[in-house]
Amino acid sequence: MLCATMIGGKPHYFPMPKDATDVEVREQAFELREGRVMTSIERSLLGIAHTMLDTDRLSSLYTAWRARYAERDVRMDVMERVIRGEFDVFDPDEEGVDSKSPNLIQVALEDTSEAASLIPTVRVQPAKGSKESKKTAQKMENIAASYMDANGVDLLIPRAVMDMAAFGFSVWTVTPDFEQNIPLVERRDPRHCYPEPGFKPGDTVRRCMFAREVFYTQLPADYQQVVADFTGQRTDIQQPDENTRVVLVEYYSDEEYVLAALYQGSTEGFNRYGSNTDIPFPVVLERIPNKVGICPVVIGSRITLDGEMRGQFDQVVGLLEAHIRLMGLVLDFADQSVYSDIWVRDLIGEMPYGGGSFIELGPQGAIGRVPPAVSSFNIQSDLQNLLEGIHIGGRWPKARPGQVDQSIASAKFIEASAGMMNTAIRTYHQILQRKLERVLRVAFETDKAYFEGTKSVTGILRNQNFIEEYSPGKDIDTANRVRV
């Protein structure tokens, strides 16, 4: 094939094999321009430049990734409304039914997260059998324990289990905290997380995007000025005001971190996501190289048959709404039995109410109360069947902790009733184990890359207090394996 490069302002053509890669073409073009072979450092810098995100493509990348996870977003939106208590339940007259049932999914989420909230312990296996390697591994155990204590892992774990049960996955990021000089582990909202298409449960995240819509006035003053400078240079978009919305996008990879605002200035406001007619403009707010070389996003997700992110209670939302509808009608029937409406025939004048009222009827007059609707004899059985379906479909035992009467329940019965939750919690513990191991590995690499010098940390490991002084570059050996 025929390729070209610019030399002295003029194109210079040169042949290359048909199966030549882009890297080979760039190296040959460099050799022709400079008259020498490209050095290893120049190859590395060129490779980094070509792997960095092209911010002009950020809008189309954002649209494509959101389209990939469109069905997941629908499921998460349904679960979010359920947790808020917003149910699409209507009576036979197509009027909304007020929920008179407990929000069983919310209760189950809290039960599951609290039952699975155990404080993990850390072991570091030395890569070698030498005394020095064992000493380094022991020191790394104390360092890892200090990471977990400083970042409040005991509070992150129940929230992570709740995210996995509700939405199918939980997200943490590991970034440098320059105030405390330690790696910072933060929980991120799964509803805003979009890993690169092709990500499956158990995979290592290589590229990830977080996106949420905010008002322009919610941005820090420095970022507002960047957006204002961008819009001031263009005449085809309107200037931002207090009602202008932008999509704040955070892009993480093993090469860099990019923070950008997707701005769409039009009289109609921000169009629906994925619009093909009006693509928002990317305004880069921050762009920071990643010195660690590892994507700092760690995702722990439930194992599913099709590899999609599904919550533990996705399939029982319809059963809960049916229970709410039926329970509302049952209570409405009870209300009608006590406070049924009055019917009257051949009334003279207006219907008076209150004590001492006198109702005057004509020759064909009659008065009475409207009998309530006839309730099914199987109503209680129907409600019970719905409850059992919620427990079975959500793998949530009917016997919650402290609710089993020990005088009538054998140990075998208690074990069987809690078996489903024990299985689910065991799986969550396995996912958290792998997730924490990955987080600690990234934290060690972050500490080495950003925080040099000697530091002192304290904490508790295996019920013993410790004070440890260490230097990240000297006392952290990532060849050792971290076990949680």
Side-chain angles (χ1 to χ4, degrees), residues 61-89 99 103-113 116 156-173 186-203 205 207-214 245-252 262 270-275 297-322 324 390 393-396 424 427-428 431-432 435:
L61 196 67
Y62 163 78
T63 303
W65 287 20
R66 276 196 61 110
R68 161 63 182 84
Y69 292 103
E71 294 183 2
R72 184 208 70 175
D73 286 350
V74 172
R75 292 193 298 269
M76 295 175 70
D77 182 63
V78 170
M79 185 57 60
E80 181 185 5
R81 289 189 288 107
V82 168
I83 294 173
R84 291 201 306 261
E86 299 176 2
F87 301 97
D88 294 330
V89 182
S99 176
N103 192 334
L104 297 177
I105 291 180
Q106 177 67 24
V107 174
L109 287 172
E110 294 175 357
D111 276 352
T112 304
S113 63
L156 287 174
I157 287 178
R159 190 60 188 269
V161 176
M162 189 174 292
D163 285 340
M164 286 190 285
F167 304 121
F169 68 109
S170 64
V171 187
W172 291 349
T173 56
E186 291 183 292
R187 178 255 177 191
R188 301 300 299 264
D189 195 331
R191 295 170 296 177
H192 303 152
C193 178
Y194 299 91
E196 63 179 338
F199 174 84
K200 298 295 182 183
D203 290 350
V205 181
R207 295 189 300 165
C208 188
M209 185 182 297
F210 295 91
R212 64 188 187 275
E213 187 173 315
V214 299
R245 294 176 292 172
V246 298
V247 174
L248 204 60
V249 174
E250 298 174 81
Y251 174 84
Y252 289 90
L262 301 187
F270 199 88
N271 285 0
R272 295 183 61 84
Y273 298 120
S275 170
V297 180
V298 181
I299 296 178
S301 52
R302 297 178 69 245
I303 307 301
T304 57
L305 183 62
D306 58 357
E308 294 295 322
M309 298 173 184
R310 302 182 186 277
Q312 182 176 336
F313 302 96
D314 284 352
Q315 58 184 338
V316 299
V317 173
L319 292 175
L320 178 58
E321 291 181 342
I324 292 173
I390 293 174
R395 302 173 66 192
W396 177 51
T427 303
Y428 286 136
I431 298 172
L432 285 171
K435 182 177 181 180

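Atom set for the values below is all heavy atoms of this structure, side chains included, hydrogens, waters and symmetry mates excluded. What you see is a predicted model; the values in this text were computed from it and never measured.
Of all non-hydrogen atoms in Glu308 and Arg68, the two that sit nearest each other are OE2-NH2, 3.2 Å. Contact detail for Ala166 and Ile83: the closest heavy-atom pair is CB-CD1, 4.2 Å. Residues Asp203 and Gly198 come closest through the heavy atom pair OD2-O, 3.9 Å. Between Ala160 and Trp172, the closest heavy-atom pair is CB-CZ2, 3.9 Å. When all heavy atoms are compared, the tightest approach of Gly307 to Pro201 is O-CD, 3.2 Å.
Residues Ser113 and Tyr428 are not in side-chain contact: their nearest non-hydrogen atoms beyond the backbone lie 4.5 Å or more apart. Using a 4.5 Å heavy-atom threshold, the side chains of Arg188 and Cys193 count as separate. Using a 4.5 Å cut-off on side-chain heavy atoms (C-beta onward), Arg66 and Tyr194 make contact. Residues Pro195 and Met309 form a side-chain contact, since some pair of their non-hydrogen atoms from C-beta on lies under 4.5 Å apart. With contacts defined as side-chain heavy-atom distances shorter than 4.5 Å, the pair Tyr69/Met76 does not qualify.
When each of Leu248, Val247, Thr63, Val246 is checked for a side chain to side chain contact (heavy atoms under 4.5 Å, CB included) with Leu262, only Val247 meets the rule. Among Arg159, Lys435, Arg187, the one residue that satisfies the side chain to side chain donor-acceptor pair (under 3.5 Å) test with Ser170 is Lys435.
Checked against salt bridge (Lys or Arg N to Asp or Glu O under 4.0 Å), Arg302 has no partners two or more places apart in sequence or in another chain.
Ring pair Phe210/Tyr252: centre-to-centre distance below 6.0 Å.
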Worksheet item: Stepwise, does the side-chain contact (heavy atoms from CB on, under 4.5 Å) test hold for Phe313 with Val82?
Response: CA-CA 10 Å; Phe313 302 96; Val82 168; over 6 Å; no

Worksheet item: Would Val171 and His192 satisfy side-chain contact (heavy atoms from CB on, under 4.5 Å), going step by step from the backbone distance to the final call?
Response: CA-CA 10 Å; Val171 187; His192 303 152; over 6 Å; no

Worksheet item: Tyr251 and Leu61: side-chain contact (heavy atoms from CB on, under 4.5 Å), yes or no, with the steps?
Response: CA-CA 10 Å; Tyr251 174 84; Leu61 196 67; 4.2 Å; yes

Worksheet item: Given the rule in the side-chain contact (heavy atoms from CB on, under 4.5 Å) test, do Glu110 and Val107 qualify, once you have shown the distances and angles that lead to the verdict?
Response: CA-CA 5 Å; Glu110 294 175 357; Val107 174; 5.6 Å; no

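Ion pairing of Arg212 with Glu250 is present here, as a side-chain N (NZ or NE/NH1/NH2) and a carboxylate O approach within less than 4.0 Å.
Put simply, the side chain of Thr112 never gets that close to the backbone of Leu109: no donor and acceptor are under 3.5 Å apart.
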